[in-house]
Novice: 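Take a look at the following structure, please.
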Amino acid sequence: MKEVRDFLCKQAEGDLLPWRHQAFAATHFGLSIGQVERLALEAGLLPSRYQRNRNMLTVAQQLRIFCGHVAVIGCGGLGGYVIEQLARLGVGRITAVDPDVFEEHNLNRQLYSSLAMLGQPKVEAARKRVAEINPAVTVIAHKCAYSKTNSGDILQDVDVVVDALDNIAVRLDLADTSAELNAPLVHGAIGGWYGQVSTQFPGENTLRKIYSRAVNAKGVESGLGNPSFTPAVIASLEVAEVCKILIGQGKTLNNRKIHINLFDMEMIELQY
Amino acid sequence: MKVTVKLFATFRIGRFGEMTKEYQPGTTVGDVLNELNLPPDEIGATLINHRHVEEDQQLQDGDTLSIFPLVGGG
């Protein structure tokens with residue numbers, strides 16, 4: 001590996017590693033793009049794609065993000081945007097879970113849906129897209145519905161869990177299992193012009209408090225549906241929470257929930 | 001006693017955004033939900049002065065009760 005590190009240091013421009021050298025190193029030394037990325041970051045080199053991150057994230061923090069494993073449960077409206085942003089951020093491993101294929105009614109909001117993708121599995125679309133935009137990122141795709149019975153396999157070795165589900169009962173199962181596995185959970189939910197975000201760390205019981213009245217109910221989304229912009233807003237807030245958890249800095253939404261009303265442009269903080 | 005009730009998101013439709021009115025001492029959060037005809041399975045959160053409370057919580061003079069609908073889509 002010293003040989004690879006020496007090569008990367010020699011090819012670097014300042015402390016930036018251009019893509020062509022990262023790709024060449026992978027081929028030349030028989031490594032994956034991700035393995036080269038890790039070696040570069042460990043050597044204090046920043047792959048050039050992240051250069052606009054550098055005034056807010058150090059190379060050491062970029063390495064922590066690369067070493068992170070994030071599970072995104074649900075690859076629809078929220079999940080598509082979450083996966084896109086995690087991949088561009090440079091999260092090294094993303095587990096993507098969804099049982100569905102794209103249908104026509106997804107086209108108004110789901111990032112990876114397109115006419116060509118109708119009938120194709122959502123997790124497969126996510127895997128292909130991430131390979132196109134950031135091949136250093138490994139996507140572990142599960143084309144199945146998340147449930148208590150498969151949660152152990154899906155959430156193995158996960159550092160952060162992202163709730164991008166559309167179902168309150170399954171969300172609560174996910175929150176319970178995340179707590180049992182000692183993994184922080186970033187919660188997001190949407191309905192029409194409205195959405196909410198919260199983060200539950202192990203030992204907290206925030207999701208059970210948020211949904212204390214309505215374990216099996218549907219929210220405002222059942223009447224309002226969801227437009228193109230609300231999932232993008234809430235997904236972005238969820239990814240900001242994931243980023244802070246992975247680098248261990250910043251103030252997260254634990255024991256708090258932000259309620260977002262895009263119709264009246266209000267953000268309200270609720271304490272739990 | 002005077003209590004300010006704030007409604008959020010879809011609960012504003014056909015009702016109000018914010019209203020301050022007199023309530024009898026001992027009035028609970030659940031009493032206000034009933035008065036406003038807000039179905040229990042549509043309630044997402046009830047807060048007094050920004051803190052999460054349950055329906056049996058009694059209101060005090062000067063409280064602000066905020067009521068949010070359930071949001072669960074993805």
Side-chain angles (χ1 to χ4, degrees), chain A residues 73-80 82 98 109-110 163-171 187-197 206 209-226 230-231 234-235 255-257 259-264 266 268-272, chain B residues 2-21 23 26-74:
Chain A
I73 313 301
C75 299
L78 290 172
V82 168
D98 198 297
R109 68 192 186 286
Q110 298 194 10
D163 164 16
L165 288 158
D166 61 359
N167 174 310
I168 292 168
V170 183
R171 271 195 170 95
H187 158 70
I190 52 173
W193 296 89
Y194 315 104
Q196 62 188 34
V197 185
T206 317
K209 290 177 189 166
I210 288 175
Y211 291 115
S212 62
R213 288 183 176 79
V215 175
N216 291 308
K218 285 249 171 203
V220 293
E221 69 283 356
S222 60
L224 297 172
N226 285 302
T230 311
I234 300 302
N255 296 316
R256 298 188 290 154
K257 180 180 87 178
H259 170 89
I260 289 121
N261 171 349
L262 297 170
F263 192 68
D264 300 308
E266 296 173 343
I268 312 279
E269 180 183 320
L270 291 71
Q271 292 167 14
Y272 285 89
Chain B
K2 272 196 167 56
V3 171
T4 298
V5 179
K6 288 185 177 179
L7 299 181
F8 289 87
T10 46
F11 286 166
R12 290 177 182 172
I13 299 167
R15 294 189 185 89
F16 56 87
E18 179 175 337
M19 190 168 72
T20 302
K21 63 176 275 191
Y23 284 97
T27 301
T28 64
V29 170
D31 294 334
V32 178
L33 298 180
N34 285 335
E35 180 202 349
L36 292 170
N37 200 22
L38 293 168
D41 62 355
E42 292 182 19
I43 308 291
T46 47
L47 294 94
I48 292 178
N49 308 331
H50 297 290
R51 264 212 173 272
H52 171 75
V53 293
E54 298 295 342
E55 283 174 38
D56 56 2
Q57 178 73 40
Q58 287 194 358
L59 294 158
Q60 305 294 323
D61 186 45
D63 277 349
T64 296
L65 170 64
S66 302
I67 308 168
F68 294 77
L70 197 64
V71 178

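Throughout, protein chains are lettered first and strands after them, A, B, ... in sequence-line order, and every chain is numbered starting at 1.
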Novice: Just how far is it from atom CD of B:Glu55 to atom OG of A:Ser212, taken to the nearest 0.5 Å?
Specialist: 8.5 Å

Novice: Check each atom of B:Leu47 against the heavy atoms of chain A and say whether the ones under 4.5 Å are side chain, backbone, both or neither.
Specialist: side chain

Novice: With a 4.5 angstrom heavy-atom cut-off, is it the side chain or the backbone of A:Tyr194 that approaches chain B, or both, or neither?
Specialist: both

Novice: Would a distance-only check, ignoring hydrogens and angles, find a side-chain to backbone donor-acceptor pair under 3.5 Å from A:Gln271 to B:His50?
Specialist: no

Novice: As an exercise, state the distance from NZ of A:Lys209 to CD of B:Glu54, rounded to the nearest 0.5 Å.
Specialist: 10.0 Å

Novice: Of all the heavy-atom pairs spanning A:Ala189 and B:Gly72, show the shortest one and how long it is.
Specialist: CB-CA, 4.0 Å

Novice: Does any backbone or side-chain atom of A:Arg109 lie under 4.5 Å from a heavy atom of chain B? Answer side chain, backbone, both or neither.
Specialist: neither

Novice: Could you check which of A:Gln110, A:His187, A:His259 has the highest count of heavy-atom pairs closer than 4.5 Å to chain B?
Specialist: A:His259

Novice: Which heavy atom in A:Arg171 sits nearest to a heavy atom in B:Gly73, and how many Å separate them?
Specialist: NH2-O, 3.2 Å

Novice: Counting only non-hydrogen atoms closer than 4.5 Å, does A:Leu165 touch chain B with its backbone (N, CA, C, O), its side chain (CB onward), both, or neither?
Specialist: backbone

Novice: For the CZ atom on A:Phe263, are there more than 12 heavy atoms of other groups (residues, nucleotides or ligands in this structure) within a distance under 6.0 Å?
Specialist: no

Novice: Is B:Lys6 salt-bridged to A:Glu266, cutoff N-O under 4.0 Å?
Specialist: no

Novice: In terms of heavy-atom pairs under 4.5 Å, which option from B:Pro40, B:Gly44, B:Pro69, B:Ala9 contacts chain A the most?
Specialist: B:Ala9

Novice: Does any non-hydrogen side-chain atom of A:Asp264 lie less than 4.5 Å from one of B:Phe8?
Specialist: no

Novice: Quick check: does any side chain N or O of A:Arg213 sit under 3.5 Å from a backbone N or O of B:Leu70, one acting as donor and the other as acceptor?
Specialist: no

Novice: Might you point out which heavy atoms bring B:Val71 and A:Ile190 nearest each other, and give the distance in Å?
Specialist: CG1-C, 3.3 Å

Novice: Using non-hydrogen atoms only, which part of B:Thr46 is less than 4.5 Å away from chain A: side chain, backbone, both, or neither?
Specialist: both

Novice: With a 4.5 angstrom heavy-atom cut-off, is it the side chain or the backbone of A:Leu224 that approaches chain B, or both, or neither?
Specialist: side chain

Novice: Rounded to the nearest 0.5 Å, what's the gap from CZ on B:Phe68 to CG on A:Asn261? Could you check?
Specialist: 9.5 Å

Novice: Search all heavy atoms of B:His52 against all heavy atoms of A:Tyr272 and return the closest pair with its distance.
Specialist: ND1-CE2, 3.3 Å

